[in-house]
Amino acid sequence: MKKTIALWAALTAATLLVTGCAAEGPAAPAPGKPAAGDRAPAGDKASRAPAHPEGAAATAAAYRRYGLEPLAPPPAPPAVKPVTRAPGGPVPVISDIPTTEKIVFITIDDGAEKDPEFVRMMRDLKVPVTMFLTDSAIRADYDYFAPLVAQGHGLANHTLTHPNLRTLSHDAQRREICGQQARLKDRYGKAPRLFRPPYGNWNEATRAAAGECGVDAIVLWRESMQIKNMQYQRGDRKLHPGDIVLAHFRGPSELKGRTMTEMTATMLRRIQEQGFTVARLEDYV
């Protein structure tokens with residue numbers, strides 16, 4: 001498995017350097033919230049170099065295959081991550097990222113649907129996503145997610161069996177969270193830093209258990225992608241800077257005949273229609 005991931009990583013590394021969808025770099029120099037406009041120097045991020053014209057044309061052609069216009073490139077990541085866990089402190093619980101930039105973050109849960117076309121779509125469009133994976137949903141085909149991890153998409157924890165954690169004891173929650181940390185590290189070579197409780201249900205026992213398992217943040221959401229439209233938590237029914245968007249690995253049986261790539265294309269269209277682009281969550285948390 002690790003050889004498979006290494007091969008995919010070698011094949012995609014050059015492309016990732018120009019897209020910003022790459023593995024996380026060194027930790028921020030100090031915790032805290034950056035001042036407005038406090039950005040990493042452009043020369044410090046190879047991923048911010050302008051794309052080669054031929055590469056830009058290929059990306060535009062890929063977007064057209066899905067009926068889309070290319071998304072605007074995201075801004076350079078902040079020099080200091082706006083969300084951090086203080087040493088020994090409680091795990092932050094977030095639904096959005098504090099920023100004034102017109103960016104949102106795509107997160108995809110569970111892992112039940114394993115559409116090969118989605119892997120190709122993510123490779124070609126180079127839109128960063130974070131995958132919150134549940135072992136009971138992915139164990140039938142762990143290999144499906146290896147190229148997505150190698151492309152640089154975020155790998156995150158969504159428990160072993162997808163229970164309602166509020167109904168479990170602290171020890172039972174710890175087994176669910178730590179167990180999936182270990183399983184994902186064994187399968188994909190790294191332990192996740194981010195965790196999402198199933199159904200968004202958590203309590204202080206969840207927070208304590210997550211911290212004991214090495215989690216840096218509990219990630220909830222502001223919008224959820226349905227079949228054709230987004231479901232909003234706020235009354236104004238629109239995206240805000242830094243919002244975290246929830247989607248799922250779902251197929252035609254759950255999407256009324258639509259494929260996961262069709263759902264994803266619609267989600268990107270809704271984001272673009274409101275003047276937003278997509279950034280990498282791990283660059284901010």
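Everything numeric in this text was worked out from a predicted model, so none of it was measured.
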Query raised in the report: Which residues pass the ring-ring contact (aromatic ring centres under 6.0 Å, His included) test with F249, sequence neighbours left out?
Result: F118, F145
[X] and [Y] ion-paired at < 4.0 Å:
X: K81; Y: D283; result: no
X: D96; Y: R222; result: yes
X: D243; Y: R234; result: yes
X: R174; Y: D171; result: no
X: D110; Y: R250; result: no
X: R270; Y: E223; result: no

Query raised in the report: Regarding R237 and the six-membered ring of Y232, is the cationic atom NZ or CZ under 6.0 Å from the ring centre and inside 45° of its axis?
Result: no
Report task. Kindly indicate whether a cation-pi arrangement holds for K102 with F276, taking the cut-offs as under 6.0 Å to the six-membered ring centre and within 45° of the axis. Result -> yes
Query - H170: which of E204, E212, R175 passes side-chain hydrogen bond (donor to acceptor under 3.5 Å, both in side chains) - result: E212
Query raised in the report: Restricting to pairs with a member in residues 191-235, which pass disulfide (SG to SG under 2.5 Å), not counting sequence neighbours?
Result: C178-C213
Requested in this report: Check the pair H162 / Y199 against ring pair (Phe, Tyr, Trp, His ring centres under 6.0 Å), numbers first and verdict last.
Outcome: CA-CA 9 Å; H162 207 271; Y199 318 108; 4.7 Å; yes
**Report entry** Atom of L155, atom of P192 and distance for their closest heavy-atom approach
**Finding:** O-CB, 3.4 Å
Report summary line: Nearest heavy-atom contact between Y284 and P75 is OH-CG, 4.1 Å
Query - Short side-chain to backbone donor-acceptor contact, T99 and E101, under 3.5 Å - result: yes
